[in-house]
Amino acid sequence: MKLARLLVLMRREALATLRDPFTVSILIAVPLVALLLFSSILSTSVEYLPMGVLDLDRSPASRRLVAGLAATRSFQPIALANRDQLDEMLRDGGLSLALVLPDGLDRGLRPDLGPAGPGRARPQVQVIYDGAETVLAGNAESFLGATMAATALGDAGVPAIVRASGASAGSGSVVRVVTRALFNPALDGKPYMVAGTFGFVLSFATTLIIAVSVVNERAAGTFEQLQVTPATNLEIVLGKVLPLGAVFSLDVILMMLAAGFLWGVWPAGSAVFFLLVSTFYQVVSLSLGLIISATSATAQEAVAKTVLLATPLIQLSGFALPIDNMAWAFRWFAEVIPATHYIRVSRAIYLRGEGPLDVAGELGVIVLMGAGLVALALRAVGRRA
Amino acid sequence: MNVEPIIRVDGLVRRFGEFTAVDHVSLRVHAGEIFAFLGANGSGKSTTIRMLIGLLRPTEGSIVVDGIDVMAQTRRVRDHIGYMGQRVSLYQGLSLRENVEFYGGLQNLAGQELDHRWDRLRERFALGDVEREAASDLPAGVRQRAGLALAILHQPRVLFLDEPTAGVDLVGRALFWELIQEQAAQGRTVFVTTHFLEEADYCDRVSFIDAGKIVADATPAELRERTGTDYVVRVTGPPTGLSAVAAALEAALPPRAAKVTVEGAQVRLRMGSLSPERIVALRTAAEARGAHLLGIDPPDMGDVFRVLAREAGETAS
């Protein structure tokens, strides 16, 4: 390997990348659009969710609870007349979830009024949600639990029975609400999604750009021409991935600034550490891109393969859906996806402010996967030559 | 020529699965020769050239270029060769000058040395006006010349050109061949593939490949002679005196130099070689009988190839 030759190759790649309008627009648009899109639409935070309220108690306590929930802006209470209306609206999709406040709630909460009645159990609040929307409802459910815990209801220790309706969950499955919101007490979904979006952009856009770039060079004949010069395969590959890696590190900074200034989402941990980890993670994506390019005849094929790869990336990496909710086979598969580990590290730094020692295990996995993929990529490029 | 050939290929085979693209090809190319490697699309010529420059590993056989075993020392041979592929590989996003600096840099050429070499090439190849233009804006003929200039920037001993004139107009092709011949005159060996059969006449030696096998390897003149394809001189004259014209023309040439026939309103003379002196002699003889030369059709290398391909087919079956 000769440094002078590598610098010549890198200089050309940097020039070509910055001059190509397609690449530049992807480099700027994909991170920003992904941030806006995922952090707003896919955000797991609960806002103005239509919530039916069947108040059978009609007491100060029940009214206080509904007012308290409405004040969080997370729910939009809709008063219901009876149980039939509740069932109908839930079925039609008019409601995301419904709350049944039982008769005697007020009395049950006020020990000064004496026991609710001889032999009667303590009042129970029922939460019913559409079982088809597990993620949304699940989040609403835990939020509801937290809100209820914060009101007088919680102080009195009223247990909530949560029942999922709909086909996917058998009716009557009784769950006790356990609220876990240790590091994101406001239950704001944005930091969570922002931290995940880095994983998406650095996995998807990086792989796409390198794959298309190599396939295009092959189609133009320049790759073949390079292989007839004294440049080695390693120099050719490094001459391509190093400048692109540097450009994507700039993208990471761009995204950090955008998330910070748009939503006030800054990493809780070290920004420099985050940048270092993100820069290293690109070894994985760039290698994947090289492997895709080596097995694709046209740019269209490379794009199709990258998009195909992005599907499990979004579905299984824990980026949008919690891995803990998946069947065991998918949970296992998620561990094989490098993005899963990067997203975990990213969230650890962004949400919990963890440092190198805390995430050493995940980093180790990324390093191992990176080494394996680099070896595969070099073989793929060599074989293609 | 008794000297060691600069390219020596023996028993070269390349299979892709069941398909044999190159089937026991052996070649000898001598230093300073322009060697044309001709064949139809899919005949195996690009596969062969890719093996010769170390881009593709042969299934069997040996290749020695400028004393280097290409299969054992693939990287070393790259200092000795220049290559220009079918798609001239200029980086589209860069100007021609930036391309020169890039490819020069990879060959360890920079600064004054690069400027010096490029200045000379730029002038001879008529590229001065377009140096600052983006490669993507160059017309095909200019791009082809620029590609050739880049391929010889590091002064390689052997130049491999894979269909260098594809997509270039007739004038551009003639100029391009002039430049190739200059390179050969300077001692550079040129190995060129083409499917423009008439371009074989620019070359010292011609090899025809068909279905992965070499079907002919000779000088252009030898091939024409072997396949009976000739120059045709067409003469027209007074309809009643055509046979007298034919006899006079035949008498103007050495005995049995040409086959003379009267076809319609024309006399046709077929001959394997044609010198300027013979043309003058024929014109004088024709004009003495009130006739005149209509034209001269050069032998068509396409005809040569068709004959060779037919022969190869007959041998195979």
Side-chain angles (χ1 to χ4, degrees), chain A residues 1-27 209 212-240 243-244 247 294 297-299 379 381-385, chain B residues 46 49-57 65 70 73-95 97-111 114 134-136 143 146-147 150-151 153-154 156 158-164 166:
Chain A
M1 184 148 116
K2 259 182 85 177
L3 188 64
R5 250 189 334 243
L6 182 59
L7 288 176
V8 169
L9 286 160
M10 285 171 61
R11 181 174 171 272
R12 191 215 61 77
E13 185 66 38
L15 266 180
T17 304
L18 297 177
R19 279 187 196 167
D20 179 27
F22 170 75
T23 313
V24 170
S25 48
I26 283 204
L27 284 172
I209 288 208
V212 169
S213 162
V214 174
V215 171
N216 278 343
E217 274 215 32
R218 193 169 281 127
T222 46
F223 203 74
E224 189 177 86
Q225 190 73 46
L226 284 186
Q227 289 181 315
V228 187
T229 69
T232 63
N233 272 349
L234 184 67
E235 285 167 0
I236 295 172
V237 168
L238 285 180
K240 217 162 182 49
L244 285 176
V247 168
T298 62
R379 262 190 59 188
V381 171
R383 197 171 39 233
R384 188 62 194 235
Chain B
S46 282
I49 204 169
R50 285 171 63 80
M51 288 192 282
L52 294 192
I53 59 176
L55 276 182
L56 187 69
R57 265 197 100 69
V65 173
V70 173
Q73 296 174 288
T74 311
R75 289 192 29 72
R76 243 193 84 201
V77 81
R78 292 178 185 170
D79 296 331
H80 297 240
I81 61 170
Y83 170 66
M84 179 177 156
Q86 289 177 23
R87 296 150 300 182
V88 178
S89 22
L90 297 176
Y91 279 95
Q92 303 291 301
L94 304 184
S95 71
R97 174 74 205 189
E98 285 166 333
N99 270 287
V100 170
E101 283 166 11
F102 172 66
Y103 282 112
L106 291 182
Q107 301 285 357
N108 208 17
L109 287 172
L114 179 66
S136 45
R143 206 161 52 228
L150 285 175
L153 201 55
H154 60 296
V158 187
L159 189 56
F160 288 93
L161 308 171
D162 192 6
E163 306 209 358

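All values reported here derive from a predicted model rather than from experimental measurement.
B:Asn99 does not touch chain A: none of its heavy atoms, backbone or side chain, sits under 4.5 Å away. Interface remark: B:Phe160 contributes no atoms to any contact with chain A (heavy atom separation under 4.5 Å). Proximity to chain B (any heavy atom under 4.5 Å) is shown, for A:Arg5, by both the backbone and the side chain. With a 4.5 angstrom heavy-atom cutoff, B:Leu150 does not touch chain A via any of its atoms. Interface remark: B:Glu98 contributes side-chain atoms only to the contact with chain A (heavy atom separation under 4.5 Å). In this structure, chain B has no heavy atom under 4.5 Å from any part of A:Ala4. Proximity to chain B (any heavy atom under 4.5 Å) is shown, for A:Leu9, by both the backbone and the side chain.
We find the CD1-CG distance between B:Ile53 and B:Asp162 to be 7.5 Å, quoted to the nearest 0.5 Å. Put simply, OG1 on A:Thr23 and CD1 on A:Ile209 are 5.5 Å apart, with the number rounded to the nearest 0.5 Å.
Within the 4.5 Å cutoff, the side chain of A:Arg19 has heavy atoms near those of the B:Leu94 side chain.
Annotation for B:Asp79: atom CG counts as buried by contact number, over 12 foreign heavy atoms lying within 6.0 Å.
In this structure A:Glu217 satisfies the salt bridge (charged side-chain N to carboxylate O under 4.0 Å, His left out) test together with A:Arg12, A:Lys240, sequence neighbours excluded. Considering only residues two or more places apart in sequence or on other chains, A:Arg11 meets the side-chain hydrogen bond (donor to acceptor under 3.5 Å, both in side chains) condition with none of them.
In terms of heavy-atom pairs under 4.5 Å with chain B, the best-connected choice from A:Pro230, A:Gly221, A:Ala16 is A:Pro230.
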